[in-house]
Colleague: 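I have a structure I would like to understand better, so I am pasting it below and will then ask my questions one at a time.
Below, chains carry the letters A, B, ... as their sequence lines are ordered, and counting in each starts from 1. These numbers come from the heavy atoms of this one structure, side chains and all, not from hydrogens, waters or symmetry mates.
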Amino acid sequence: MLQQTRVSVVIPYYERFLGRFPTVHALAAAEEDDVLAAWSGLGFYRRARNLHAGARQMEQDHGGEVPRDPAELGAIKGIGRYTVGAILSAAFDMRLPILDGNVIRVLSRLFRVDGPPDRAATQKVLWGLAEDVLPTHRPGDFNQALMDLGATVCKPSGPICAACPLSDVCEGLAAEDAESFPRPGRKQKVRFVERVAVRLRLPDGRILLERRPARGLLPNLWEMPAAEVSEGEAPGGLARAVCARLVRSHGLAADLVDDLVPCGVAEHRFSHRHWTTHVFEAQALAAPAAPESSKPERRWVAISEFEDLGLPTASRKAIEL
DNA sequence: AATTCGGGGTT
DNA sequence: AACCCAGAATT
């Protein structure tokens with residue numbers, strides 16, 4: 001959960017998640033949909049799928065226990081070099097370095113590392129430094145201290161160098177340019193995407209949701225039937241096309257295609273994508289009988305069921321519009 | 001080596 | 001708005 005996500009944001013998710021899946025065994029035995037539901041809202045959903053797959057891997061290959069060999073631990077889905085070092089140094093006080101956003105900042109300033117950290121060459125230098133500075137005595141606590149120093153003293157902007165225990169040896173402070181490290185990397189560009197979504201309601205208030213593809217953005221999560229608007233295309237026409245698709249593949253009454261009511265625009269911004277979703281509403285008289293399936297692609301969902309579903313924030317916004 | 005993955009808090 | 005976050009996997 002903490003991969004690229006702040007501690008303060010993670011804590012409530014962590015508490016709920018461990019209440020639901022208290023052990024590796026429980027997580028390994030769970031359905032992926034339930035894991036995604038517990039994760040929904042947190043983002044970077046591949047982490048959830050990796051964690052689930054990783055639990056099963058640990059169950060099958062390591063008797064449900066955390067392997068202490070760095071190579072074996074690193075072979076588990078979702079566990080990279082940082083997480084290997086974090087787990088083994090914190091839990092078993094093994095001398096393995098860590099390199100997260102905080103440590104990158106501290107080391108970059110301490111040694112005036114010239115080069116953006118998103119480049120492989122710079123990464124190599126930083127990992128080398130992270131290992132060089134790591135003592136043999138209590139390396140786990142040292143790693144923890146390095147991160148906390150970055151989080152509380154050596155902050156991204158306005159570092160409190162006067163209160164820093166490393167001020168005597170900091171090259172950045174000596175050169176009075178500490179805050180110019182780490183060097184800025186490439187900034188990712190934003191793609192603007194216009195979409196339509198259809199809120200199809202039954203008389204009892206349930207709405208139709210579909211599962212997104214297993215790969216790419218928001219994998220396997222739920223949203224209203226939607227489509228991407230092409231350049232110069234009219235949203236209303238595309239919404240009718242989405243309905244036509246539902247009629248074709250879902251056996252719905254064909255007349256709903258003509259009863260679309262535009263009900264507003266939902267905006268959602270991801271870090272690398274901005275979605276503008278035109279929401280249309282239509283009424284369905286009855287839900288077609290659906291075949292039983294352990295992993296359905298469509299569901300009629302009541303509002304009270306939202307929390308049992310992997311509903312990403314973007315979907316939630318459009319539904320609640 | 002570069003891109004792709006969310007979402008929210010801070011500046 | 002831009003930046004950043006207890007990164008990892010994929011392309």
Colleague: Taking the basic N atoms (NZ, or NE/NH1/NH2) and the acidic carboxylate oxygens, is any pair closer than 4.0 Å for Glu297(A) and Arg211(A)?
Modeller: yes

Colleague: Could you list all N or O pairs between the protein and nucleotides 8-11 of chain C that sit under 3.5 Å apart?
Modeller:
residue : atom : partner   : partner atom : Å
dA8(C)  : OP1  : Gly80(A)  : N            : 3.0
dA8(C)  : OP1  : Thr83(A)  : N            : 3.0
dA8(C)  : OP1  : Thr83(A)  : OG1          : 2.5
dA8(C)  : OP2  : Tyr82(A)  : N            : 3.4
dA8(C)  : N3   : Arg46(A)  : NH2          : 3.4
dA9(C)  : OP1  : Gly78(A)  : N            : 2.5
dT11(C) : OP1  : Arg215(A) : NH2          : 2.8

Colleague: Distance check needed: dG6(B) P versus Asn220(A) CG, whole Å only.
Modeller: 12 Å

Colleague: Within this structure, what is the CG-to-C1' distance between Asn102(A) and dC4(C), rounded to whole angstrom?
Modeller: 10 Å

Colleague: Ignoring hydrogens and angles, does a donor from either the side chain of Thr5(A) or the base of dG7(C) sit under 3.5 Å from an acceptor on the other?
Modeller: no

Colleague: Is Phe44(A) stacked on the base of dG6(B), with ring centres under 5.5 Å apart and planes under 30° apart?
Modeller: yes

Colleague: Heavy atoms only, 4.0 Å cut-off, all strands: where does Arg316(A) land among base, sugar-phosphate and nothing?
Modeller: nothing

Colleague: Does the gap between the ring centers of His268(A) and Phe270(A) come in under 6.0 Å?
Modeller: yes

Colleague: Could you state the atom-to-atom distance from NZ of Lys187(A) to P of dT3(B) in whole Å?
Modeller: 15 Å

Colleague: Tell me the interatomic distance from His274(A), atom NE2, to dG7(B), atom C1', rounded to whole angstroms.
Modeller: 13 Å

Colleague: Is there side-chain contact between Arg273(A) and Val190(A), with heavy atoms separated by less than 4.5 Å?
Modeller: no

Colleague: Starting at CZ of Arg47(A) and ending at C1' of dC5(B), how long is that distance when rounded to a whole Å?
Modeller: 10 Å

Colleague: May I have the distance from Asp118(A) (atom CG) to dC5(B) (atom P), rounded to whole angstrom?
Modeller: 18 Å

Colleague: Got a salt bridge between Glu305(A) and Arg299(A), using NZ or NE/NH1/NH2 to carboxylate O under 4.0 Å?
Modeller: yes

Colleague: Examine the base of dG7(B) for any acceptor or donor lying under 3.5 Å from a partner atom in the side chain of Thr313(A), and report the outcome as yes or no.
Modeller: no

Colleague: Could you tell me the separation between the CZ atom of Arg183(A) and the C1' atom of dC3(C), rounded to a whole number of Å?
Modeller: 17 Å

Colleague: dT3(B), OP1 or OP2 - any side-chain N/O from Arg186(A) closer than 4.0 Å?
Modeller: yes

Colleague: CZ of Arg49(A) versus C1' of dT4(B): gap in Å, rounded?
Modeller: 14 Å

Colleague: Which pairs would a plain distance check flag for residues 70-93 of chain A, meaning a side-chain donor or acceptor within less than 3.5 Å of a matching protein atom at least two apart in sequence or in another chain?
Modeller:
residue  : atom : partner   : partner atom : Å
Thr83(A) : OG1  : Gln3(A)   : NE2          : 3.3
Ser89(A) : OG   : Gly85(A)  : O            : 2.7
Ser89(A) : OG   : Asn143(A) : ND2          : 3.1
Asp93(A) : OD1  : Gly140(A) : N            : 2.9

Colleague: Within the 3.5 Å criterion, strictly below it, is a donor on Glu32(A) or Asn220(A) matched to an acceptor on the partner's side chain?
Modeller: yes

Colleague: Describe the nucleic acid contact of Ile98(A) in one word from base, sugar-phosphate, nothing, applying a heavy-atom distance below 4.0 Å.
Modeller: nothing

Colleague: Is it possible for you to check whether Arg47(A) lies under 6.0 Å from the centre of the six-membered ring of Phe44(A), through NZ or CZ, and within 45° of that ring's axis?
Modeller: no

Colleague: Any carboxylate oxygen within less than 4.0 angstrom of a Lys/Arg side-chain nitrogen, looking at Glu210(A) and Arg245(A)?
Modeller: yes

Colleague: Could you check whether any side-chain heavy atom of Val9(A) comes within less than 4.5 Å of a side-chain heavy atom of Arg6(A), counting everything from C-beta outward?
Modeller: yes

Colleague: What pairs of nitrogen or oxygen atoms, one from the protein and one from nucleotides 9-11 of chain B, lie under 3.5 Å apart?
Modeller:
residue : atom : partner   : partner atom : Å
dT11(B) : O3'  : Ser157(A) : OG           : 3.4

